[in-house]
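Data block below; observations after.
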Amino acid sequence: MPHFPSFEHWFPPSAPPKRRPAPAYALRHPTEEDLAALEGRLRDWMEQHGSMGPGRAWSRNVAGTSWLAEADPAGVPAEHPRLRPQAQAGRPLGILLGLASPHATAEASIQRIAVDPEFRRRGIGRALVDRFSDAQERSGASRLTATCRPDDRPSLAFFAALGFRPNAGPGSRKLYGVPAFEDWEGPGED
């Protein structure tokens, strides 16, 4: 029949979302005060329950190995004037909380990574992981791990795109179709 909707009309081919330009940003180590102030923002950025930040006591030890991406509006290109109001000076765009293992000196671990939803898919998360990985490699780490919930599909896809693989070692089992460890962070925290 002419003008009858085709299969592609109802089921268009899936294409990856278009990547938007990133605002100008700088990466630096967060301070203890930055991490305490970000507690509320992390709750908005992530779809998890419970405490999102590391807590002030823990942040004293992890601030030097973690990374914060914050906006630098002076560096926003003129062809992107719409980004200028969004990227206020010093506005946190993303954070990576990571540490070097005190027991397994060749291992570094990403405990949490979050990017402001308004600025996702712009390379900020990858830049945070790359900076952390490079710094830890210079410090002697040869293995990088990340902690992620097995039901957090966006995070799993992000880490898979960076080359991470789920740990299917002893004690793991498939949860939500992914090798994972039951009650890893406590009861019901896989």
Check step by step if side chain to side chain contact (heavy atoms under 4.5 Å, CB included) holds for Q136 and L144. CA-CA 9 Å; Q136 294 306 309; L144 181 60; 5.6 Å; no
Determine, step by step, whether S109 and E107 satisfy the side chain to side chain donor-acceptor pair (under 3.5 Å) criterion, reporting the C-alpha distance in whole Å, the side-chain angles of both residues, the deciding distance to 0.1 Å, and the verdict. CA-CA 7 Å; S109 178; E107 185 174 300; 5.6 Å; no
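Note that CD1 of I124 and CG of L93 are 4.5 Å apart. Values are rounded to the nearest 0.5 Å. Of the inter-residue distances, the one linking I110 atom CD1 with L128 atom CG reads 9.0 Å to the nearest 0.5 angstrom. Atom CD of residue Q111 and atom CG of residue L99 lie 5.0 Å apart, to the nearest 0.5 angstrom. To the nearest 0.5 Å, atom CG of residue L162 and atom CD1 of residue I113 are 8.0 Å apart. Rounding to the nearest 0.5 angstrom, the gap separating the OG atom in S155 from the CZ atom in R112 is 10.5 Å.
Here the closest heavy-atom approach between residue L27 and residue A69 is recorded as CD2-CB, 3.5 Å. Shown here for H29 and G64, the closest heavy-atom pair between the two residues is CE1-O, 2.8 Å. Of all heavy-atom pairs spanning V178 and R153, the tightest one is CG2-NH1, 3.4 Å. Considering every non-hydrogen atom in both P92 and D116, the closest pair reads O-OD2, 4.3 Å. Closest of all the heavy-atom pairs between P30 and S66 is CD-O, 3.2 Å.
The pair E118-R91 meets the salt-bridge criterion, since a charged nitrogen lies less than 4.0 angstrom from a carboxylate oxygen.
For A168, the side-chain contact (heavy atoms from CB on, under 4.5 Å) test picks out S172, P179, with sequence neighbours left out.
The side-chain heavy atoms of F181 and N167, taken from C-beta on, include a pair separated by under 4.5 Å. At least one side-chain heavy atom of D152 sits under 4.5 Å from a side-chain heavy atom of P154. I95 has its side chain within reach of L97: a pair of non-hydrogen atoms, C-beta onward, lies under 4.5 Å apart.
Identified under the salt bridge (Lys or Arg N to Asp or Glu O under 4.0 Å) test for residues 156-169, with sequence neighbours left out: none. Pairs engaging residues 130-160 under the ring-ring contact (aromatic ring centres under 6.0 Å, His included) rule: F159-F164 [sequence neighbours left out].
When the shell of 6.0 Å around CZ of R143 is examined, it contains 12 or fewer heavy atoms from other residues, nucleotides or ligands.
Although no hydrogens or angles enter the test, the distance criterion places no donor-acceptor pair under 3.5 Å between the side chain of T105 and the main chain of S101.
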